Amino acid sequence: MSAQIIDGKAVALAIREEIGADTARLLQKTGIVPGLAAVLVGENPASQVYVRNKRQACDKAGMTSWLHQMPADISQSDLVKLINQLNADVAVHGILVQLPLPSHLDTAAVLDAIDPAKDVDGLHPDNLGLLADGRPRYLPCTPQGVWQLGVRSGIEWAGKKVVILGRSSIVGKSLALVLLQKGIDATVTVCHSRSNNIPGLLRQAEIVVAALGQPRWVTADMIQPGAVVIDVGIHRLPDGTLCGDVAYDEVARIAKAITPVPGGVGPMTIAMLLLNTLRAAEGV
Ligand code: GUN
C-alpha cells in the first residue's frame, strides 16, 4: 500500500485565495486593509525564513505587513515597549512575535503584553483560556491548520483514536483543545516525550500527530497499517535537506495518508495566520 500524500501546499493556496477574495471585499466595503506587524528578534535563520514567508503571503492576499527586526540583545522592557506601541496603532490588526525568542527574554511575559484582540497567533493566555472554555476567539495557527488540512483532505476525525506526540502550548496541548472544541467524538491522547510506551500508544492510533521536535523519530514499526500520519516537525539535516518528526519513506509505505515535510502542515500555519489577521481586521 502507498499512502495518500496530503498536499498542504495546495490546500493552503486554495485557502489563501479565499482569504484574498474576502480581503478585497472588506476593503471595498469598509476601506480597511488588514495589517500584520511581525516582530523578529535576532538572526535565527529559520525564523527569518518563516517571517519572510508570512509577510509574502500577506502581500499576496492584499494585506499590509510590517517587519520589526530587533537586535538579539534587546531588553525585555524595550520589547514590551514596542508591543505596546503596536497595541496602540489602529492600522495594526494582528501582532506576531516569532518564536523562539533569545533565552534572556521571558517569552510568556512578552506574549502576555500583546493585546488579546490582536493576538493572531492565538497564544495569549486569554485566547488559550477562551479556547479551553469552548468559546474560542483565535485558534492557534498550527493546530487550526492541522484540523483544516484534515477536513479539506477528506480525513475523518470523528470517532477516531488520535494520539498527539508533544504537549507544547503552540501545537500539542492546543491541538487537543481544538479537537475537543470541534465537538467531535474523537478520543484524544496527548503524550509527553517521557510517556510510558509511546510506540505502544502510537500503534493503537488511527490518526497520529507528530509534534515532538525530533527528526525522523516516528518509524514504521510504531504505526498501525492504514493510519493517518500528520507531521508537524521540521528540521534541517546536516546535508541541508529538510525532514519532519516522521521517517517519511518507511511510514508512507504503510499509512493510509501522510503529510510531507516540507509542503504539509507548514503552509497551513501561514494560511491560518492570514485567516486570523482577516478576522482581527473585521473586528471579530
Ligand atoms: N515559531 C514556530 N512556529 C511558530 C508560530 O506558529 N508562531 C510563532 N509566533 N512563532 C513560531
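Everything quoted here is computed from the prediction, not taken from an experiment. Atoms within a ligand are numbered from 1 in the order they appear, just like the ligands themselves.
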Novice: Distance to 0.1 Å, residue and atom name: give those for the protein heavy atom nearest to atom 9 (N) of ligand 1.
Specialist: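 The answer is Asp121 OD2, 2.5 Å.
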Novice: Other residues, nucleotides and ligands only: do more than 12 of their heavy atoms fall within 6.0 Å of CG on Asn196?
Specialist: no
Novice: Can you give me the closest heavy-atom contact between Leu128 and Gly122, atom names plus distance?
Specialist: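 Taking every non-hydrogen atom into account, CD2-O, 3.5 Å.
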Novice: For ligand 1, which atoms sit closer than 4.0 Å to a heavy atom of Val97?
Specialist: 8 (C), 9 (N)
Novice: Heavy atoms only: which of Val39, Val232, Thr269 is nearest to atom 6 (O) of ligand 1?
Specialist: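 Considering heavy atoms of Val39, Val232, Thr269, the nearest to atom 6 (O) of ligand 1 sits in Thr269.
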Novice: Ignoring hydrogens and geometry, is there a side-chain-to-backbone donor-acceptor pair from Asp245 to Val218 under 3.5 Å?
Specialist: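 No, the answer is negative, given that no donor and acceptor are paired below the 3.5 Å cut-off.
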Novice: Give the residue, atom name and distance (to 0.1 Å) of the protein heavy atom nearest atom 1 (N) of ligand 1.
Specialist: Leu99 O, 2.9 Å
Novice: Is the shortest N/O to N/O distance between Leu123 and ligand 1 below 3.5 Å?
Specialist: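 No, since none of the N or O atoms of Leu123 sits under 3.5 Å from an N or O of ligand 1.
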Novice: Could you tell me whether Asp133 and Arg135 have a side-chain N and a carboxylate O separated by less than 4.0 Å?
Specialist: yes
Novice: So which heavy atom in the protein is nearest atom 4 (C) of ligand 1, and how far is it from that ligand atom?
Specialist: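 Checked against all protein heavy atoms, atom 4 (C) of ligand 1 sits closest to Ile170 CD1, 3.6 Å.
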Novice: Which heavy atom of Val251 sits nearest a heavy atom of Thr219, and at what distance?
Specialist: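 For Val251 versus Thr219, the nearest heavy atoms are CG2-C, 3.8 Å.
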Novice: Could you tell me, atom by atom, which parts of ligand 1 come under 4.0 Å of a heavy atom of Leu96?
Specialist: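 It comes down to these atoms of ligand 1: 9 (N).
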Novice: May I ask you to identify the nearest protein heavy atom to atom 11 (C) of ligand 1, giving residue, atom name and distance to one decimal place in Å?
Specialist: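 I find the closest protein heavy atom is Gln98 NE2, 3.3 Å.
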Novice: Does a donor on one side chain sit under 3.5 Å from an acceptor on the other, for Ser169 and Ser174?
Specialist: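 Side-chain D/A pair, Ser169 to Ser174: absent.
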